[in-house]
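Every chain is numbered from 1, with letters handed out A, B, ... down the list of sequences.
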Amino acid sequence: MGDPTAAASWLERNVVECLPKGGLALLLSTVAKEGRPLRVKLGIDPTAPDIHLGFSVVLGKLREFQELGHTVVLIIGDWTAKVGDPSGRSGSRPQLSSEEIEANAETFAAQAKLVLLEEQLEIRRNGEWLDMPLEKLFEILRTTTVAQVTDRDDISKRLKEGSPVSVLELLYPILQGYDSVAVSADVELGGTDQHFNLLLGRDLQRAFGQPEQIAMELPILTGTDGVKKMSKSIGNYIGVTESPAEIYGKTMSIPDTALEEWCRLLLDVSLDGSIGPRDAKRALASALVERFHGEGTGIAAQADFDSRFIENELPTDATAFEFAGDGEGMVHVPALVAAAYGVSRSEARRNIEEGAIRLNGERMEGLDHSAETLAGGVLQRGKKRDARLLVLGNSSQSA
RNA sequence: GGGGGGAUGUCCGAGUGGUUAAAGGAGACGGGCUGUAAACCCGUUGGCUCUGCCUACGCAGGUUCGAAUCCUGCUCCCCCCA
């Protein structure tokens, strides 16, 4: 991969836009001559505790840069998280406490290392430079006009329809742009929703007399619902640290329409048209489990899944749940279900009426059962729910 | 500083004195069908010691036989003018 043009086109696989056009190849040949690696920046907001598959698409691209010998600068936006990115938002973000941000930052750094090579990785917090005197902030803010920051779609739309836009939100892209100045970024990656922010980074760099970074925009992965972008807050995500069963199961539940995209973006392969969507999905799910849990885990997850959902066998991995009778040796099932699954008794009662509660695969009827018939049984709530192995305890009441 | 608008269940959003636990939609959950897909159909969606009781329509009072709906005060939010 010594040829800059070849390297650039390899890196631009699956990339939606890389601006300015042809800039990456040019830059690669320049740094090759200078004999230095590129500094490739990615900023992440520690607003959610887990890295999900959508984010792993961007991380995967960073990894490719590393494989060509370049340096990744991962910026944990502990300070900008206090501002809140307005990108693609229709309203302001909820505020997080410093403690939450700090905790998220920790796990982010740890999880990012699952994908990235540590030797060529620089992890920074933007509080390092954004915790600045007001005077310095003024200097930065002077570089950008109101028209620039209100020009972007989402903000102008909100202004037009009379929705609130706080001054703080307008600051966000400017501060993110200054991150690029602070770390002297050569390239910045981001999702397509980062278009504006990535380009404003170039403006900031120019204002501070630096060469302008390449803006590389990656596609945004669709979530498990097949409609919206994968996001923690929507709940349609798969976390990279989730269990094999979760990763496998959630992948199987994606709509067929998302299958092609997932294969391309996550596995870097095109969809195998010779097999049916069901089998393609099985292969995808299995491969994803292997990626995050290691060799052999995909097959195991598949076998487990098949026996549980296709052959309808009782799950073998039921977590134990200790319960107690009421002294007469009877157990009030709604209370049991409520305690076992952390739902209200009313909901548990409804579940029983709906036939969602099973004991050893059989639907439960009636609200009270004797402790003996329940002991040692496998309790299930809905088909997808974790099972509970009921263990008769001797505590006075069932939790 | 002035004027106007608003706060309803997970979310959106009806409702302006009386069967209102609160229309409708979304989402979610459960069931059926299936490939745990989609589509489709059915049901559920505040809590509980459940033929009943309790709690709920920003907060606190008040009027009334009866209030989410009327009155008073407060808090928060938005818009416009200056």
Check if the side chain of A/Asp279 and the base of B/G35 share a donor-acceptor pair of N or O atoms closer than 3.5 Å.
-> no

I would like to know whether A/Tyr178 and A/Phe208 meet ring-ring contact (aromatic ring centres under 6.0 Å, His included); could you show each step before the answer?
-> CA-CA 9 Å; A/Tyr178 186 71; A/Phe208 282 87; 5.5 Å; yes

Roughly how far apart, to the nearest Å, are B/C57 and B/A23 at atom C1'?
-> 14 Å

Phosphate contact (B/G30 OP1 or OP2) by A/Arg358 side-chain N/O below 4.0 Å | no

So what does A/Ile254 hit on the nucleic acid, given a heavy-atom distance under 4.0 Å: a base, only sugar-phosphate, or nothing?
-> sugar-phosphate

A/Arg278 CZ to B/A37 C1', straight-line distance once rounded to whole Å = 11 Å

Where does RNA chain B pair, written as one dot-bracket string 5' to 3', with Watson-Crick or G-U pairs under 3.5 Å, ( ) inside the strand, [ ] for crossing pairs and | for another strand?
-> ((((((((.[[[..)..(.....]]]((((((.......))))))(((...)))...[[[[[..)....]]]]]))))))).

Short side-chain donor-acceptor distance under 3.5 Å, A/Gln176 and A/Glu188 = yes

Rounded to the nearest Å, what distance is computed from the CZ atom of residue A/Arg345 to the P atom of nucleotide B/U49?
-> 5 Å

Identify whether any heavy atom of A/Ser346 sits under 4.0 Å from a base atom; if not, whether one sits that close to sugar-phosphate; answer base, sugar-phosphate or nothing.
-> base

In terms of heavy-atom contacts, does CD of A/Glu365 have more than 12 from other residues, nucleotides or ligands at under 6.0 Å?
-> no

Whole-Å gap separating C1' (B/G30) and CD1 (A/Ile352) | 13 Å

According to a strict under-4.0 Å criterion, is A/Ser344 in side-chain N/O contact with OP1 or OP2 of B/G47?
-> yes

Protein-nucleotide distance (A/Asp256, atom CG; B/U34, atom C1'), rounded to Å | 12 Å

Could you tell me the separation between the CZ atom of A/Arg363 and the P atom of B/G30, rounded to a whole number of Å?
-> 12 Å

The salt bridge (charged side-chain N to carboxylate O under 4.0 Å, His left out) partners of A/Glu139 (sequence neighbours excluded) come to A/Lys136

Taking CZ from A/Arg350 and C1' from B/G31, how many angstroms apart are they, rounded to a whole number?
-> 15 Å

5′-ward residue of the pair A/Ala245/A/Lys228 relative to RNA chain B = A/Lys228

Would you indicate which nucleotide in B/G35, B/A38, B/G30 comes nearest to any side-chain atom of A/Lys281?
-> B/G35

Output yes when a side-chain donor or acceptor of A/Asp78 lies under 3.5 Å from a complementary backbone atom of A/Gly127, and no otherwise.
-> yes

From CD of A/Glu347 across to P of B/U10 the rounded distance in Å is 13 Å

Evaluate whether atom CD of A/Glu362 has more than 12 neighbouring non-hydrogen atoms of other residues, nucleotides or ligands under 6.0 angstrom away.
-> no

Does a donor on one side chain sit under 3.5 Å from an acceptor on the other, for A/Thr319 and A/Arg388?
-> yes

Whole-Å gap separating C1' (B/G31) and CG (A/Asn351) | 11 Å

